[in-house]
Amino acid sequence: MAKNEIVDVLIVGSGASGAAVAWSLAETRMRILCLEQGDWIKPTDFPSNGRDWEARRYTDFDISPNRRARSTDYPINEDNSVMKVANFNGVGGGTVFYTAHWPRLHPSDFRVKSLDGVADDWPINYWTLEPFFDLNDRMMGASGLAGDPGTPPRSPPMPPVPLGRTGTRYAQALNRLGWHWWPSDTTVATTEYEGRAACINLGHCTPGCAQGAKASTDITYWPLAIRAGVELRTRCRVREITTNEHGMASGAIYYDADGQEQFQPAEVVILACNGIGTPRLLLNSASSRFPNGLANSSGLVGRNLMLHPWPQVFGYVEDTMDGGRAPMTALWSKQFYETDLSRGFVRGYMMQFGRGTGPANEAITSAAAGRLPWGRDHHRIYRKLVDHRVQVGIACEDLPEEHNRVTLDPVLTDSHGIPAPRIDYTMSENTRRMMEHGIASGEQFLQAAGATMISTSRTMLNSPGHLLGTARMGTDPERSVVNEWGRSHDVKNLFIVDGSVWVTSGGVNPTSTIQAVALYIADQMKQRLATLFD
Ligand SMILES: Cc1cc2nc3c(=O)[nH]c(=O)nc-3n(C[C@H](O)[C@H](O)[C@H](O)COP(=O)(O)OP(=O)(O)OC[C@H]3O[C@@H](n4cnc5c(N)ncnc54)[C@H](O)[C@@H]3O)c2cc1C
Ligand code: SF4
């Protein structure tokens, strides 16, 4: 379509949710355009092609946008947050960088008010989303093993990633403890799948898989959506969503690849910029009609930010393990997932068992922690550490709290002069207790696995990249930003499909559920096509 000709649907953001919704809506044959601030990433660009792959994780492929600081990134003021932000700004969004661990929220996660008297229930439930979970598993290409007694039934289309030496060691330890475990679902192709090659255990899935075995939406949804007629325009950074005299969204003002300001008119606007990018854009879209930001009559845009505190407990065993080879995650345990008040907190956590780390990272972190001495013993001890690491991540549910929030920084801007987001985030007492319980469980597990030198990294330098809750869904316009099918209460032709709409965070990696919600919202839109443009 000609540049800036009116489109039926304008999507902002091409990550996990933007890609899914674009593909789903494509069958309507509407004119659909997606504006994405980043670039396409070529597999040859990924660090795993070169020997310096570990070093590049601290430069142009750093998971922190502040350290990566590409021209396609925007800075985030995190000074007042105990957790830092991880993301990726480009076609595929966070899925380019993610570790591809693929759990779903549990049915109880949608009902925490009813079950535990905290936060709020979602206006939708697990069973509403189930067909979309399954569809998304097929579209992304999930691998796993049916029959997990800790989750509702599911049938991933590919067999699971093999346990390997590390996973087998973990399974034996968990059996000794009598704790639940199951091979993790991942979106790593374990067989050839829809044009993707199978995993060859290169390791280094985060960030980027040069083999194309790890599913990111630039290689799953986008090629199909584009073939079906959707246009994806890269290096287009949206500054604000505009509205007309009826208070309806009328399009977006953006900066194109040459830095020129453009106006893109649209009949319907869908935001898919993630739990930080979306509230930032809504707040930057304030006008005389919407002085507190767009879609913000509730005052909740940017509030209830949830980031998933994720301590890591690790140690070392005598036997040689998989180290940094093979996909990072091996298995999960839901032993402590559901509420048990005797533990001193509500809700719970998943244990995510990972393999080791790369040789340079092992050397740097162990030297810094004093495990690896300089001098005569240096090589001898290093050989006992590298490829001997065993570790578990504790995925803690953080409940929504209004003071945890995204606002606009009064000073900081991106390269186009657009106000940058600032986050304020503290951990609640419930989360802190859950975290300490999880760390104690992690230590118990590592002892059962025969590990020594057990340590814990309590606050991760970066958050796990789970950005949730800042434009929550609900039926009450005073207590939510969008309704139960993603439509803004205030602006009827504005939709939000990314992690912002989450009401609570659960204790699992979110992307499978983010995309299931996006597909569900797209389905609801298709069922109401006739009324969308009123
Ligand atoms: C290092 C890392 C590891 C992770 N591991 C896992 C994992 O193992 N399992 C899991 O489930 N999840 C994982 N995640 C999280 C996962 O990546 C996110 O949950 C998911 O990508 C979020 O989807 P989204 O659609 O909400 O937003 P995103 O995928 O973040 O997409 C948002 C897109 O919007 C674009 N955008 C934002 N603002 C604008 C603007 N103003 N104009 C134009 N474009 C804009 C961005 O450039 C970006 O491409 C990980 C994330 C990271 C960073
Ligand atoms: S381990 Fe497999 S999925 Fe991960 S980067 Fe290597 S080939 Fe890709």
Side-chain angles (χ1 to χ4, degrees), residues 11-21 34-39 46 48 57 61-65 72-74 85-104 161 184 186-190 196-218 233-241 252 254-255 271-278 280-281 284 308 324-329 352 355 393 395 414 416 418 421 462-468 496-502 508-515 517-518:
I11 302 169
V12 187
S14 71
S17 59
V21 91
C34 176
L35 296 177
E36 164 58 52
Q37 66 189 336
D39 290 310
F46 287 131
S48 53
R57 287 171 65 172
F61 277 83
D62 200 299
I63 61 175
S64 158
T72 45
D73 289 316
Y74 55 92
V85 172
N87 70 9
F88 184 67
N89 297 306
V91 178
T95 62
V96 176
F97 270 33
Y98 75 159
T99 313
H101 202 233
W102 205 240
R104 302 174 177 182
V161 171
S184 291
T186 73
T187 49
V188 168
T190 50
R196 276 160 55 204
C199 171
I200 50 171
N201 294 334
L202 280 171
H204 332 155
C205 310
T206 318
C209 172
Q211 168 80 347
K214 184 184 88 167
S216 44
T217 60
D218 55 329
R233 229 176 264 165
T234 55
R235 286 225 167 217
C236 294
R237 177 173 277 151
V238 175
R239 186 183 78 200
E240 63 183 270
I241 305 302
Y254 71 96
Y255 295 99
L271 301 187
C273 298
N274 81 35
I276 292 192
T278 286
R280 174 198 187 205
L281 185 50
N284 270 324
H308 279 162
R325 289 169 290 276
M328 182 61 184
T329 51
Q352 180 179 330
R355 291 178 220 275
D414 64 23
H416 290 101
I418 307 172
N462 291 283
S463 83
H466 305 169
L467 314 169
L468 307 166
I496 302 176
V497 294
D498 57 59
S500 326
V501 303
W502 284 38
V508 294
N509 322 61
T511 309
S512 162
T513 310
I514 286 176
Q515 291 185 307
V517 171

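Both counts, for ligands and for their atoms, begin at 1 and track the order of listing.
For His204, every N, O or S atom stays at 2.8 Å or more from atom 4 (Fe) of ligand 2.
Using a distance-only test at 3.5 Å, with no hydrogens or angles considered, no donor-acceptor pair links the side chain of Gln37 to the main chain of Val238. Remark: the backbone N or O of Pro207 is not paired with any side-chain donor or acceptor of Arg57 at under 3.5 angstrom. A donor-acceptor pair is defined here as one N or O able to donate and one able to accept, closer than 3.5 Å; no such pair exists between the side chain of Thr95 and the backbone of Ala16. A donor-acceptor pair under 3.5 Å is absent between the side-chain atoms of Lys214 and the main chain of Thr186, judged by distance alone. Under a 3.5 Å cut-off, the side chain of Arg235 and the backbone N or O of Asp39 do not form any donor-acceptor pair. A donor-acceptor pair under 3.5 Å is absent between the side-chain atoms of Thr278 and the main chain of Gly275, judged by distance alone. A donor-acceptor pair is defined here as one N or O able to donate and one able to accept, closer than 3.5 Å; no such pair exists between the side chain of Ser48 and the backbone of Cys209.
The CH2 atom of Trp102 sits 8.5 Å away from atom OG1 of Thr513, with the distance rounded to the nearest 0.5 Å. Note that CZ of Arg325 and NE2 of His204 are 8.5 Å apart. Values are rounded to the nearest 0.5 Å. We find the OG1-CZ distance between Thr72 and Phe88 to be 6.0 Å, quoted to the nearest 0.5 Å. The CG atom of Asp73 lies 10.0 Å from the CG atom of Asp414; values are rounded to the nearest 0.5 Å. Between Asp498 atom CG and Leu271 atom CG the span is 7.5 Å, to the nearest 0.5 Å. With rounding to the nearest 0.5 angstrom, the OG atom of Ser512 is 11.0 Å from the NE2 atom of His101.
Residue contacts with ligand 1 for His466 involve side-chain atoms from C-beta outward but no N, CA, C or O (heavy atoms, distance under 4.0 Å). Residue-level proximity to ligand 1 for Ser500 is absent, since no heavy atom of it falls below 4.0 angstrom. Of the heavy atoms in Pro103, none comes closer than 4.0 Å to ligand 1. No part of Ala189 comes within 4.0 Å of ligand 2, judged by heavy-atom distances. Proximity of Pro464 to ligand 1, defined as any heavy-atom pair under 4.0 Å, is confined to the backbone N, CA, C and O atoms.
Nearest-heavy-atom check against atom 23 (O) of ligand 1 across Ser64, Ser14, Ala16 picks out Ala16. Considering each of Pro65, Gly275, Cys273, Pro207, the one bringing a non-hydrogen atom nearest atom 39 (C) of ligand 1 is Cys273. Closest heavy-atom approach to atom 33 (C) of ligand 1 among the candidates Ala20, Ala272, Pro510: Ala272. Compare Gly203, Pro207, Gly324, Ala213 by their heavy atoms: the one nearest to atom 5 (S) of ligand 2 is in Gly203. Atom 3 (S) of ligand 2 has its nearest heavy-atom neighbour, among Ile200, Val188, Thr190, in Val188.
Side-chain atoms of Glu36 and Asn89 include no donor-acceptor pair closer than 3.5 Å. One side chain, Tyr255 or Arg239, offers a donor N or O that lies under 3.5 Å from an acceptor on the other. For the residue pair Thr329 / Ser184, no side-chain donor-acceptor distance below 3.5 Å is found, with atom types taken as modelled. There is a side-chain donor-acceptor pair under 3.5 Å between Tyr98 and Thr187. Side chains of Arg237 and Tyr74: no donor on one and acceptor on the other come within 3.5 Å. If you check the side chains of Ser216 and Asp218, you find a donor sitting under 3.5 Å from an acceptor.
By the 3.5 Å distance cut-off applied to N or O atoms, Thr99 is counted among the residues near ligand 1. In terms of polar-atom proximity, defined here as any N/O pair under 3.5 Å, Ala100 does make such a contact with ligand 1. Backbone and side-chain nitrogen or oxygen atoms of Arg280 are examined, and none is located within less than 3.5 angstrom of a nitrogen or oxygen of ligand 1. The shortest N or O to N or O distance between Val238 and ligand 1 is below 3.5 Å. Of the N or O atoms in Trp102, none lie within a sub-3.5 Å distance of an N or O in ligand 1. Between His101 and ligand 1, at least one N/O pair is under 3.5 Å apart.
Numbered from 1 in the order shown, with element, the atoms of ligand 2 that lie under 4.0 Å from a heavy atom of Leu202 read 1 (S), 6 (Fe), 7 (S). Interface of Asn87 with ligand 1, defined as ligand atoms under 4.0 Å from a residue heavy atom, comprises 53 (C). The Val12 neighbourhood of ligand 1 comprises atoms 42 (N), 43 (C), with distances under 4.0 Å to a heavy atom of that residue. Each of the atoms 19 (O), 22 (C) of ligand 1 lies under 4.0 Å from some heavy atom of Ile514. Against a heavy-atom cut-off of under 4.0 Å, Gly13 is close to the following atoms of ligand 1: 33 (C), 34 (O), 35 (C). Set against the non-hydrogen atoms of Ala326, the atoms of ligand 2 under 4.0 Å away are 1 (S). Atoms of ligand 1 found under 4.0 Å from any heavy atom of Gly94, numbered from 1 in the order shown, are 17 (O), 21 (O), 28 (P), 29 (O), 30 (O). Heavy-atom proximity to Cys236, at under 4.0 Å, picks out these atoms of ligand 1: 42 (N), 43 (C). For ligand 1, the atoms sitting less than 4.0 Å from at least one non-hydrogen atom of Thr511 are 10 (C), 11 (O), 12 (N), 13 (C), 15 (C), 16 (C), 18 (C), 19 (O), 20 (C), numbered in the order shown with element in parentheses. Taking every non-hydrogen atom of Gly90 and a distance limit under 4.0 Å, the qualifying atoms of ligand 1 come out as 47 (O), 49 (O).
Nearest to atom 30 (O) of ligand 1 among the protein's heavy atoms is Asn274 ND2, 3.0 Å. Of the protein's non-hydrogen atoms, the one nearest atom 4 (Fe) of ligand 2 is Cys205 SG, 2.1 Å. Nearest protein heavy-atom neighbour of atom 47 (O) of ligand 1: Glu36 OE2, 2.7 Å. Nearest protein neighbour of atom 1 (C) of ligand 1, counting heavy atoms only, is Ile63 CG2, 3.5 Å. Here the protein heavy atom with the shortest distance to atom 6 (C) of ligand 1 is Tyr98 CB, 3.3 Å. From the protein, the heavy atom lying nearest to atom 24 (P) of ligand 1 is Ser17 OG, 3.8 Å. In terms of protein heavy-atom proximity, atom 36 (N) of ligand 1 is closest to Gln37 NE2, 3.3 Å. Of the protein's non-hydrogen atoms, Asn509 ND2, 3.6 Å is the one closest to atom 7 (C) of ligand 1. Of the protein's non-hydrogen atoms, the one nearest atom 2 (Fe) of ligand 2 is Cys199 SG, 2.3 Å. Regarding atom 15 (C) of ligand 1, its nearest protein heavy-atom neighbour is Gly465 O, 3.3 Å. What sits closest to atom 8 (Fe) of ligand 2 on the protein, heavy atoms only, is Cys209 SG, 2.3 Å.
At least one heavy atom of Pro327 lies less than 4.0 angstrom from ligand 2.
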Worked check of side-chain contact (heavy atoms from CB on, under 4.5 Å) between Tyr254 and Arg233: CA-CA 11 Å; Tyr254 71 96; Arg233 229 176 264 165; 3.0 Å; yes

